[in-house]
Amino acid sequence: MLDINFIKNNRDLVKQGAQNKGESDLSVIDQVLEKDEAWRGLVHEVDKLRNESNTKAKQIGVLMGQGKKEEAQAIINETSNLKEEVKKLDEQLKAVAEEREKLLLRIPNVPHPSVPVGLTENENVVHATWGEPNKEEWRKPHWEIVERYGWVDFERGVKVTGAGFPFYVGPVAQLQRALINYFINEAVKAGYTELQAPYFVNEDSAKGTGQIPDKEDMMYVIQRDELFAIPTAEVPVTNFHRDEILSEKELPVKYVCYTPCWRREAGSYGKDVRGLNRLHQFDKVELVKIVQPETSYDELESLREHAEGLLQALELPYRTLLMCTGDMGFTQSKKYDLEVWSPGQQRWLEVSSCSNFESFQARRMQLRYRKGEKGIEIAHTLNGSGLALPRVVSAILEAYQEENAKVRVPEVLKLFMGRDYL
RNA sequence: GGAGAGGUGGCUGAGUGGCUGAAAGCGCUCCCCUGCUAAGGGAGUUUAGGUGGAAACACUUAACGAGGGUUCGAAUCCCUCCCUCUCCGCCA
């Protein structure tokens, strides 16, 4: 959510930003400002009436105290109209405030000036590439490797739950656990505090990070208990400090959190969902930062570098994309995607997405910090995967397979695995 | 799940219809005094919104778990929900 005063003072910038993000209806921005004007007018009126009513109530109190009942009654008679008027106006005010809020929630975050303008993924800019994509033709896709050894059981996953909920068996289960450990350890070394978070969140939390009302369909909902299965640890972890005022010296706050993630992924099909490429449940180690506004873009770079460092340590070739305005999403102001090379599929797979939200999320969840003596400011929030597990597992299986079909263990994981081959 | 108690500012805790955005204490900030230390004195110290102002600030509205109701007036009375604690039950 943007600051209404910011929109007021930067109407064209906000419009341009929305247009660059591919929003078709820019009139929302004018509408919200109109609503805001109406809202301010009503606030003024209601405040005035309330003041009058408060003043009179006090007078009545004083008169009653002095035993002057008749005089008090006279004032009470005057207030009966007032009461209804306040009620009526207050209802109007609430209605207008709600409309204003709804409009406000439809306005996307403004892209940072360094973000390339474009509407589709074709306009994303390759920010960096690392390693040489392996083009050897004998390499098999990971689903063939795991099928041969029974390392991932898709069929039983379907039986027990449904498509997109596989079982990991034996060595691959162990590999995945090793990766989770490794990722968390690296983050802790880099100064992140490890967090274990709830896997379900309430409505306020889902709102706080912007999953609702915008992306409600992505989540599994437990209706009976009014809970949402988290689509990413970003949701519980960023909401950890919702409605709080942090002290300046606490910042930057950095958390690492491993959780499973649940996504409905309605409408996915074909090669996208083959094997481990896209699942309804997957594991992810997430990094979240809460920082001062002046530092948030530096923090984004260090977040990206940390995630890249993990792929480098695993010796997996990857490329980093700077997402263009149209491909980066509603809530972000700048976003990098890390894509690992999948030699068995001969394609790039997204394994991390590092974003700066500036104050967009923090404003909605009233996440603030105390600046200096008097000031209170909205903090900036960032997050990035470090990393998403199944696709890293796929890449490892495909990149570390040998022609005799054995799969080597990456050097940095040997300590966790206790052996050289899966 | 059953029975009871309770939810007030950074913390402890007073407040059962009006002068209480909230006593008192602790903590914190600034100032004064004292050669250090200890102690003492004074001032300040919730948040969000609106209006005015370059700003300091002033005025004003709202908020005492959340939402609704009664009343001229609610932290205080009534209803619903949420949460915490104690006892019982169940349980990794």
Side-chain angles (χ1 to χ4, degrees), chain A residues 1-9 32-105 196 198-208 212 222-228 236 239-251 253 260 359-379:
Chain A
M1 184 170 72
L2 290 174
D3 179 6
I4 185 74
N5 290 315
F6 177 84
I7 299 174
K8 204 169 169 180
N9 298 328
V32 82
L33 290 173
E34 278 167 33
K35 265 309 164 210
D36 187 55
E37 278 309 307
W39 176 81
R40 275 167 215 263
L42 281 168
V43 165
H44 192 70
E45 280 184 66
V46 171
D47 276 9
K48 210 171 91 189
L49 286 180
R50 282 232 172 90
N51 184 15
E52 199 181 327
S53 138
N54 285 346
T55 310
K56 287 196 166 147
K58 266 179 200 157
Q59 285 172 2
I60 292 164
V62 171
L63 289 172
M64 297 289 257
Q66 295 168 344
K68 297 175 180 169
K69 278 199 176 164
E70 281 170 29
E71 286 176 48
Q73 191 53 48
I75 301 179
I76 290 176
N77 294 340
E78 286 174 33
T79 57
S80 53
N81 275 345
L82 205 57
K83 203 183 159 191
E84 273 174 43
E85 243 179 295
V86 170
K87 197 170 176 181
K88 213 173 82 188
L89 267 180
D90 194 44
E91 271 165 26
Q92 275 182 45
L93 179 68
K94 272 186 188 164
V96 172
E98 205 174 300
E99 289 169 45
R100 171 178 170 269
E101 180 83 1
K102 267 189 191 156
L103 290 167
L104 205 49
L105 288 175
Q196 289 188 338
Y199 297 165
F200 306 111
V201 295
N202 59 29
E203 198 180 323
D204 285 342
S205 298
K207 269 188 192 149
I212 51 177
I222 301 173
Q223 224 157 22
R224 176 172 166 163
D225 297 295
E226 294 177 71
L227 294 173
F228 300 87
N239 276 284
F240 189 61
H241 290 295
R242 168 155 53 85
D243 287 322
E244 289 184 19
I245 302 175
L246 303 170
S247 75
E248 197 170 4
K249 59 182 178 224
E250 282 176 87
L251 302 181
V253 170
S359 58
F360 200 81
Q361 285 182 328
R363 179 168 300 104
R364 200 185 293 200
M365 65 171 82
Q366 284 297 297
L367 201 180
R368 293 155 294 169
Y369 74 101
R370 211 171 285 281
K371 192 182 180 63
E373 283 284 295
K374 292 213 161 172
I376 287 176
E377 253 187 36
I378 310 278

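Letters A, B, ... mirror the listed sequences (proteins, then strands); counts begin at 1.
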Complement of [N], any strand, by Watson-Crick or G-U distances under 3.5 angstrom:
N	answer
B/U70	none
B/C26	B/G10
B/A75	none
B/C87	B/G2
B/G40	B/C32
B/A54	none
B/A62	B/U47

Considering only atom [atom1], compute the distance from [N] to [M] and round it to an integer number of Å.
N	M	atom1	result
B/U70	B/G2	C1'	32 Å
B/C79	B/A5	P	14 Å
B/U86	B/C72	P	43 Å
B/C11	B/G18	P	26 Å
B/A56	B/U47	P	15 Å
B/G27	B/U46	C1'	15 Å
B/G17	B/C57	C1'	35 Å
B/G13	B/U8	P	9 Å

Heavy-atom closest contact ([X] atom, [Y] atom, distance):
X	Y	value
A/D90	A/V46	N-CG2, 4.2 Å
A/P198	A/P236	O-CG, 3.7 Å
A/K371	A/E377	CD-OE2, 3.4 Å
A/I76	A/T79	O-OG1, 2.6 Å
A/R100	A/V32	O-CG2, 3.6 Å
A/G208	A/M365	O-CE, 3.4 Å

Under 3.5 Å between N/O atoms: give me all the protein pairs with nucleotides 58-60 of chain B, atom names plus distance.
none

Report the distance from atom [atom1] of [X] to atom [atom2] of [Y], rounding to the nearest 0.5 Å.
X	Y	atom1	atom2	result
A/E85	A/K48	CD	NZ	10.0 Å
A/Q92	A/E45	CD	CD	8.0 Å
A/L104	A/E101	CG	CD	6.0 Å
A/R364	A/D204	CZ	CG	12.0 Å
A/S359	A/I378	OG	CD1	6.5 Å
A/E78	A/L82	CD	CG	9.5 Å

Euclidean distance, atom [atom1] of residue [X] to atom [atom2] of [N] [Å, nearest integer]:
X	N	atom1	atom2	result
A/I245	B/U45	CD1	P	16 Å
A/D204	B/C81	CG	C1'	14 Å
A/N202	B/C83	CG	C1'	12 Å
A/K69	B/G73	NZ	P	18 Å
A/Q366	B/A63	CD	P	17 Å
A/K68	B/C72	NZ	C1'	18 Å
A/E52	B/U61	CD	P	12 Å
A/R50	B/U61	CZ	P	10 Å

*asked:* Using the side-chain contact (heavy atoms from CB on, under 4.5 Å) criterion, which residues pair with A/I245? Sequence neighbours excluded.
replied: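 With neighbours one apart ignored, the set is A/R368, A/R370, A/I376.
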Show the atom names and distances, to 0.1 Å, of all donor-acceptor pairs under 3.5 Å that link a side chain in residues 37-44 of chain A to residues at least two apart or in another chain.
{"from": "A/R40", "atom 1": "NE", "to": "A/D36", "atom 2": "OD2", "distance (Å)": "2.7"}
{"from": "A/R40", "atom 1": "NH2", "to": "A/N5", "atom 2": "OD1", "distance (Å)": "3.2"}
{"from": "A/R40", "atom 1": "NH2", "to": "A/D36", "atom 2": "OD2", "distance (Å)": "2.8"}

*May I ask you to verify if any side-chain N or O of A/R370 is less than 4.0 angstrom from the OP1 or OP2 atom of B/U47?*
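A/R370 to B/U47 OP1/OP2: side-chain N or O found under 4.0 Å.
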Sub-3.5 Å pairs of nitrogen or oxygen atoms, protein against nucleotides 14-23 of chain B:
{"from": "B/G18", "atom 1": "N2", "to": "A/A57", "atom 2": "O", "distance (Å)": "2.8"}

All N/O pairs under 3.5 Å across the protein-nucleotides 64-68 of chain B interface:
none

*Which ones in residues 32-46 of chain A lie close to RNA chain B, meaning a heavy atom under 4.0 Å from one of its atoms?*
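Under 4.0 Å from RNA chain B: A/W39, A/R40, A/V43.
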_Pair A/E52-A/K56, salt bridge (Lys or Arg N to Asp or Glu O under 4.0 Å): steps then yes or no_ = CA-CA 6 Å; A/E52 199 181 327; A/K56 287 196 166 147; 3.6 Å; yes
*With side chain to side chain contact (heavy atoms under 4.5 Å, CB included) as the test, would you mind laying out the steps for A/N239 and A/L367 before giving the verdict?*
CA-CA 9 Å; A/N239 276 284; A/L367 201 180; over 6 Å; no
